[in-house]
Amino acid sequence: MDPVVLFFLLGLIARIAKSDLRLPESLYDALAIYLLLAIGLKGGVQLAQQPLATVLPQALAAIALGACIPLLAFPILRLKLARADAASIAAHYGSVSVVTFAVATSFLAAQSVATESYMPLIVALMEAPGIVVGIVLARTGSAQRIAWGALAHEVLFGKSVLLLLGGLAIGALIGPEGMEPIAPLFTDLFKGVLALFLLEMGLVAGGQIGDLKRAGPFLTAFGVGAPLAFGLLGALVGHLLGLSVGGAAVLAALAASASYIAAPTAMRIAVPEANPALSIGVALGVTFPFNLFVGIPVYLHYARWFGGS
Amino acid sequence: MDPVVLFFLLGLIARIAKSDLRLPESLYDALAIYLLLAIGLKGGVQLAQQPLATVLPQALAAIALGACIPLLAFPILRLKLARADAASIAAHYGSVSVVTFAVATSFLAAQSVATESYMPLIVALMEAPGIVVGIVLARTGSAQRIAWGALAHEVLFGKSVLLLLGGLAIGALIGPEGMEPIAPLFTDLFKGVLALFLLEMGLVAGGQIGDLKRAGPFLTAFGVGAPLAFGLLGALVGHLLGLSVGGAAVLAALAASASYIAAPTAMRIAVPEANPALSIGVALGVTFPFNLFVGIPVYLHYARWFGGS
Amino acid sequence: MDPVVLFFLLGLIARIAKSDLRLPESLYDALAIYLLLAIGLKGGVQLAQQPLATVLPQALAAIALGACIPLLAFPILRLKLARADAASIAAHYGSVSVVTFAVATSFLAAQSVATESYMPLIVALMEAPGIVVGIVLARTGSAQRIAWGALAHEVLFGKSVLLLLGGLAIGALIGPEGMEPIAPLFTDLFKGVLALFLLEMGLVAGGQIGDLKRAGPFLTAFGVGAPLAFGLLGALVGHLLGLSVGGAAVLAALAASASYIAAPTAMRIAVPEANPALSIGVALGVTFPFNLFVGIPVYLHYARWFGGS
Amino acid sequence: MQTHDRKMLVIIGEAALEKSLVRDARSFGAHGYTIADVRGGGERGDREARWEADRSIEMKMICDAAVAEKLAQHVLASYAPNYALTLFTADVGVFRPQKF
Amino acid sequence: MQTHDRKMLVIIGEAALEKSLVRDARSFGAHGYTIADVRGGGERGDREARWEADRSIEMKMICDAAVAEKLAQHVLASYAPNYALTLFTADVGVFRPQKF
Amino acid sequence: MQTHDRKMLVIIGEAALEKSLVRDARSFGAHGYTIADVRGGGERGDREARWEADRSIEMKMICDAAVAEKLAQHVLASYAPNYALTLFTADVGVFRPQKF
Ligand SMILES: Nc1ncnc2c1ncn2[C@@H]1O[C@H](COP(=O)(O)O)[C@@H](O)[C@H]1O
Ligand SMILES: Nc1ncnc2c1ncn2[C@@H]1O[C@H](COP(=O)(O)O)[C@@H](O)[C@H]1O
Ligand SMILES: Nc1ncnc2c1ncn2[C@@H]1O[C@H](COP(=O)(O)O)[C@@H](O)[C@H]1O
Ligand code: NA
Ligand code: NA
Ligand code: NA
C-alpha cells in the first residue's frame with residue numbers, strides 16, 4: 001500500500017466524522033487538471049523515444065478491452081437494476097480511473113516493478129470506449145436516439161481525454177530536455193499533489209456512504225467483485241499482448257477501475273434517467289477504495305501469476 | 001526577522017493603500033490547508049523516531065498552559081469589556097496561531113537554534129483548550145447552556161486540529177522514507193507557501209485597522225502586553241518542563257500567539273453575542289504583526305534567559 | 001520557440017474545439033499573482049547586487065518608450081477607428097505583457113543569450129506610462145475630465161505594478177541568501193507555472209476569435225504590424241542605451257507586447273466608451289500569439305542586427 | 001421613471017444542465033440570462049458542490065410572460081423527470097422594455 | 001400553464017450560520033433550500049469575503065406563507081440580535097405545487 | 001408577523017463596475033447591498049467569467065421605492081450606454097422596516 005493512500009483515509013474519516021474540512025471546489029478542479037496533464041506529459045516524454053507503430057496492437061487491444069467490460073458487466077447488473085442504471089454503471093467500469101492508475105504506477109515503482117512507458121497513452125485510449133458502449137446499451141431497444149455527433153465531440157474533447165492526449169503530444173514534442181525546466185512542477189510535485197487529491201477523494205467518497213446504503217448489498221458486492229474479475233481479465237489481456245509483469249498489472253488496474261471524472265459527466269447528459277447516486281456510489285464508495293487498499297497488490301499478483309514469475 | 005515577514009508587510013501596505021490586490025478566497029483556503037497538513041506531516045515524521053510516552057508530560061503541560069491563559073486574560077479584559085467580549089478575546093489568546101508557530105520555527109532554524117521534534121504535536125494540542133475555557137467563561141453565571149457535544153465535535157474534528165493531527169498520524173506512519181516522494185510538495189515548498197500566506201494575512205490584517213481604531217487604546221495595549229506576558233509564561237513553563245532553549249522559545253511564541261483560524265469560527269457559534277471585530281481586530285491587527293516583527297526574537301531572549309545561556 | 005508555448009496552443013485548440021476544459025477563475029488569479037511576484041523577486045535579488053543609480057538612464061528611457069508607443073499607434077488606428085477605441089488600443093500596446101516578457105526571457109536563456117539583471121524593474125516601469133498616455137489621448141478635445149488622482153492610485157497600486165515592485169523590493173532586501181528557502185516555490189516552479197498560465201491564456205485567446213472576425217482585417221493587420229514595428233523601435237532604443245543584445249531583445253519584446261492584465265482593467269474604467277472587444281481581441285487574439293510564435297525570435301534578430309553581431 | 005412588467009424565470013438545477021439550458025433559453029427567445037454557482041438541497045437530496053457531479057447552478061432570465069411560460073414548460077417536460085430541478089417565476093419591473 | 005403562489009424567504013448573513021440555517025429550514029418544514037456565496041455591506045459594516053470570518057451567504061427557500069413566516073420569526077429571534085443578517089420575502093409562482 | 005413593502009433593485013453588470021456601484025449605492029442612501037459573482041449573456045454577448053475582463057456581478061439592494069428609483073436612474077444614465085448591464089426591480093417584504 002502506497003503512503004499516499006493514507007490521505008484518502010484521512011479525508012474519508014473527516015467526512016464520516018462530519019468535520020468542517022472542505023477543499024475549495026476550484027482546488028479540486030486545479031488538482032485534477034494538474035494530474036491529467038502531468039500523467040500525459042510524463043508518458044509523452046517516454047513515447048518520444050519509441051516508434052509509435054510498435055504500440056498499435058496494445059492500443060487497439062486496450063480500446064477493445066474498455067469496450068468489452070461494459071458488455072460483461074451489463075447482464076450481471078441487469079439482474080437487479082433497470083436498463084439505464086445497469087448501462088450507466090457498466091459504462092463507469094468500462095472507462096478508467098486516472099487516480100487509480102497513478103496510485104498503481106507509484107505502487108509498482110515502489111516495488112521496483114518496471115512498466116511500459118506508453119501506459120499513459122493506454123489510459124487516454126481507455127477513457128472513452130466503455131462510455132460509448134454504455135450509452136449504446138442504455139439506448140438499445142429504446143425509442144431515444146443517440147446524438148452521435150455530440151457524443152464523439154464529448155469523447156475527443158472532454159476535459160480528461162484532451163488533457164491526457166494534449167500532455168502526451170506536448171511531452172512527445174518537447175522530449176526529455178524540453179521537460180527539464182517544467183519538471184519541478186510536473187514531475188517532482190506529482191506524488192504530493194496526488195496525496196492532496198486523494199484527501200479530496202476521501203472527502204467525496206465519504207459522502208457516498210449514505211447513497212450506498214440505500215443501494216443495498218447487491219451493488220456493494222458488485223463493487224468488490226467487478227474489479228477482481230475485470231482485473232483478472234486485464235492481466236490476462238496484458239499477458240497475451242506480451243506486456244511486462246508491471247505493464248500487465250497496470251492494465252489490470254485500469255480494467256478494474258471505474259471512472260468518476262469522465263463517465264459521470266457523460267452519462268448524466270446521455271442517459272439522464274440513470275440514477276447517478278448508484279453509479280457514483282459504487283464506483284467511488286466501493287471500487288475506488290477497494291482498489292487503493294486491496295486491489296492493486298492483487299493485480300500485481302495476477303500479473304505475476306500469468307507471467308509465471 | 002525572517003524574510004517571509006516582508007510579504008506580510010507587502011500585503012499590509014497593499015490593503016492600507018486600497019490596492020485592488022486580492023487573493024482569491026479559495027487560494028486562502030488552499031494555502032491554510034497546505035500549511036496545517038505540512039506542519040503535521042513534518043512533526044509526524046519526527047515523532048515516529050521517538051517513543052510517544054516520553055512526550056506525555058510536555059503534552060499535558062501544553063494543554064494546561066492553553067487552558068490557563070484565558071483565565072489570566074479574562075479578568076484584565078473585564079476591566080473594560082463586557083463578559084462575552086472579554087471571554088471571546090481570552091479564548092483567542094488561549095488558542096494558538098499556526099502561522100506564528102511556522103514563522104517562529106523558521107526564525108529559530110535560521111539562528112541555528114534547535115527545537116524539540118514534537119512541537120507540531122504541541123500546536124495541535126494547544127488549539128482547543130483555550131477555546132473551551134473561553135466558552136465556559138462566557139457562559140458562567142448565564143442562563144445559556146453550553147452544547148458540550150457540539151463543542152467536543154468542533155474541537156476534535158475542526159479543520160485545523162484534524163489536519164494537524166491527521167498530518168501527524170500520516171507522518172508518523174510513513175516515516176522518513178514514505179515522506180520522501182511527497183517532500184517536494186510538503187517540505188521544499190513550505191517556506192514559499194508560508195510567504196504567500198503571509199501576503200494574504202497582511203491583506204486581511206490591513207482590513208482590521210478600522211475596527212481597531214474603534215476599539216480604542218485599551219485593546220491595542222492589550223494586544224501588545226498580552227503576548228509579552230504570556231510569552232514569558234510560556235518560556236518559563238518550557239524551561240520547567242526541561243525543554244531546550246529553542247523548544248521553550250517556541251512554547252513562548254505559542255503562548256503569546258492568538259488564534260485566528262480556529263477561535264473566530266468557534267466563538268462566533270458558541271458565543272455569538274461577542275463582537276468579532278474586537279477579538280479579530282486585536283488578534284490579527286495587533287498581536288499577530290507584533291509577534292512577527294518584535295515578539296519572536298523577544299521570546300528567544302526569554303528562553304535564553306531562563307535557560308541561563 | 002520555447003516548449004511552454006505548446007501549452008498555449010493546447011489551450012487555443014481546446015477552446016476553438018469547444019472542449020469543456022475550463023481552468024477555475026481563482027486558478028487564473030493565483031497563477032497571475034504568482035508570476036508577477038516571482039518575476040519581481042528574481043529581479044530584486046539581482047538588483048540588490050548592483051548600484052541602483054546606474055540603472056536610472058535605462059529606467060527613464062523605458063518610461064519614455066512606453067509613453068511614446070501610443071502616440072505612434074494612435075494616428076494609425078484613427079484611420080479606421082473612433083477616438084476612444086483608437087486611444088484604448090494604443091494604451092494596450094504602450095503597456096506591456098508580463099507573460100510575453102517571461103517567455104522572451106526564457107527563450108533567450110535557452111539560447112544562452114544573457115540579459116541585464118534589472119529587466120524586471122523595466123517591466124514594472126513600463127506597465128503604466130502607456131496607459132496614462134492612452135487615457136490622455138482619449139480625453140483630448142473632449143469635455144470629460146481625467147480623474148488624475150484615481151488614475152495615479154490605479155497606476156501605483158494596481159495589482160500588477162504592486163506585485164512587481166513589491167517583489168522587487170522584497171528580493172532586493174532579502175538578497176540571494178534570503179531567497180534560498182523560498183526559491184523552490186518562486187524559482188524552481190516558475191517555468192511550469194508559466195506553462196499552466198499559457199494553457200489558460202490559450203483558452204482565453206481562443207474566445208477572442210469571434211470578436212476579431214467582427215473587428216475585420218484592419219485590426220488584424222495592426223496586431224501583426226504593430227509588434228514588428230514597435231519591436232524594432234524597442235531594439236533600437238535598447239541598442240542606443242548600450243544594452244546587451246539580450247537586453248535589447250527583451251526591450252524589443254516589451255515594446256512589441258500588448259498588455260492584457262493592467263490595461264483592460266484601467267481602460268474599462270477610464271475610457272468606458274471604448275469597446276473592450278476590439279482592444280482585447282487584437283492584443284490577446286493576434287499580438288500575443290504572434291509574439292509567442294514568431295515575434296520573440298525576430299526581436300532577437302533585430303537586437304543582433306543593431307548590435308552588429 | 002416608469003417600470004415595465006416582465007417575468008423573471010428562475011431555474012435551479014444540476015450544473016450538468018448549464019449548456020442545454022442556455023441553448024434552450026436562446027431558442028425560446030430569451031434575450032439574456034444570468035447564472036450563479038449555488039449549492040442546496042431538495043427532494044433529490046443535498047447537493048453540496050464539492051465536486052463535478054455535485055454542483056448546481058441558478059439561472060435567471062427576464063423575459064415577457066409568454067416566453068417564460070413556454071420555456072418553463074419545456075424545461076419541466078425535458079429535465080424535471082430526471083434531474084434535480086427547481087423552477088419558479090417572479091414579477092419584476094424593468095426600465096428599458098425593448099431590452100427584455 | 002398555471003403557477004401557484006408561494007413565498008420565497010431570503011436570508012443573507014454570515015457564513016458561520018450556514019449549518020444552523022439549514023437545520024432550521026428543515027425543522028420548520030421547508031422542502032428545500034439554495035445557497036450562494038455572496039459579499040456585501042450593511043449596518044454591521046462591510047463583509048468582503050476575503051477570509052473565513054468575513055464570508056456571507058444568501059439562502060433562499062420557497063415554501064408556503066406559513067412556513068416562511070415561522071422560519072423568519074425564528075431566524076429573527078435567534079440570530080438577528082448577534083449576527084449580520086438581512087431577511088426578506090418575495091412572492092413567487094411555482095409550477096408543481098406539491099413540491100413546495 | 002407583518003412585513004413591510006420595499007423595493008429590491010438588482011443590477012447585473014461587468015465586474016469592473018463593482019467599486020463604483022457600491023459607492024453610488026451608499027451615496028444614494030441604500031442602507032446595504034449584497035453582491036454575487038455571476039456569468040451570463042445578453043445584448044453585448046456572452047460573459048463567461050473566465051478571466052478579469054469577462055467577469056460579471058449581480059448586486060442587490062433593498063431600499064424604499066424612492067431610493068431605488070433614483071439609484072436606477074443614475075446607473076442607467078451613467079453606465080448603461082457603455083457597459084453590459086441589466087437592471088430590474090422587484091417587490092419584497094421586510095420584517096424590520098427601520099433597517100431598509
Ligand atoms: N423549496 C426550495 N427552495 C429553494 N430551493 C430549492 C427548494 N427545493 C429545491 N431547491 C433547489 O433545487 C435543487 C433541486 O431540487 P430537488 O429537485 O428538489 O432536489 C436543490 O438542490 C436546491 O438547490
Ligand atoms: N439594504 C440591503 N440590501 C441588500 N443587502 C443588504 C442590505 N442590508 C444588508 N444587506 C446584506 O446583509 C448583510 C448583513 O447586513 P447587516 O446586518 O445590516 O450588516 C450585509 O453584509 C449585506 O450582504
Ligand atoms: N434577459 C436577461 N435575463 C437575465 N439576465 C440578463 C438578461 N439580459 C442580460 N442579462 C445579464 O446582464 C448582463 C449584461 O447584459 P447585456 O448588457 O444585455 O449584455 C449579461 O451578461 C447577463 O448576465
Ligand atoms: Na475499468
Ligand atoms: Na496563545
Ligand atoms: Na508594449
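Quick note on labels: first sequence line is chain A, next is B, and so on, each numbered from 1.
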Contacting moiety of C:Leu199, where chain A heavy atoms sit under 4.5 Å = side chain
Engaged part of C:Leu23 at the chain A interface, taking heavy atoms whose separation is under 4.5 Å | both
Which of C:Ala17, C:Ser106, C:Pro184, C:Ser26 touches chain A most, by non-hydrogen pairs under 4.5 Å = C:Ala17
Test item: A:Leu163 and C:Leu21 side chains (from C-beta on) under 4.5 Å apart, heavy atoms = yes
C:Asp20 side-chain N/O to A:Gly158 backbone N/O, donor-acceptor pair under 3.5 Å | no
When rounded to the nearest 0.5 angstrom, what distance separates [atom1] in [X] from [atom2] in [Y]?
| X | Y | atom1 | atom2 | value |
| --- | --- | --- | --- | --- |
| A:Asp29 | C:Glu25 | CG | CD | 11.0 Å |
| A:Lys159 | C:Arg22 | NZ | CZ | 11.5 Å |
| A:Asp188 | C:Leu189 | CG | CG | 8.5 Å |

Start with the C-alpha gap between C:Leu196 and A:Phe186, add the side-chain angles, then the distance that decides, and say whether side-chain contact (heavy atoms from CB on, under 4.5 Å) holds.
-> CA-CA 10 Å; C:Leu196 268 186; A:Phe186 289 110; 4.1 Å; yes
Given side-chain contact (heavy atoms from CB on, under 4.5 Å), test A:Leu41 with C:Phe7 step by step and report yes or no.
-> CA-CA 11 Å; A:Leu41 283 167; C:Phe7 288 84; 4.0 Å; yes
Considering only heavy atoms, which portion of [X] lies under 4.5 Å from any heavy atom of chain C: side chain, backbone, both, or neither?
| X | answer |
| --- | --- |
| A:Leu162 | both |
| A:Leu37 | side chain |
| A:Leu36 | neither |

For a quick test of reading the model, state the closest non-hydrogen atom pair linking [X] to [Y] and the distance between them.
| X | Y | answer |
| --- | --- | --- |
| C:Lys18 | A:His153 | O-CE1, 3.0 Å |
| A:Ile182 | C:Ala195 | CG2-CB, 4.4 Å |
| A:Gly166 | C:Leu10 | CA-CD1, 3.7 Å |
| C:Pro3 | A:Ile174 | CB-CG2, 3.3 Å |

A:Lys42 NZ: over 12 foreign heavy atoms closer than 6.0 Å | no
Should A:Leu173 and C:Leu6 be marked as a side-chain contact (heavy atoms from CB on, under 4.5 Å) after you check the CA-CA gap, both sets of side-chain angles, and the distance that decides it?
-> CA-CA 9 Å; A:Leu173 284 168; C:Leu6 294 170; 4.0 Å; yes
Counting heavy-atom pairs under 4.5 Å with chain C, the top scorer among A:Pro181, A:Pro24, A:Gly175, A:Gly167 is A:Pro181
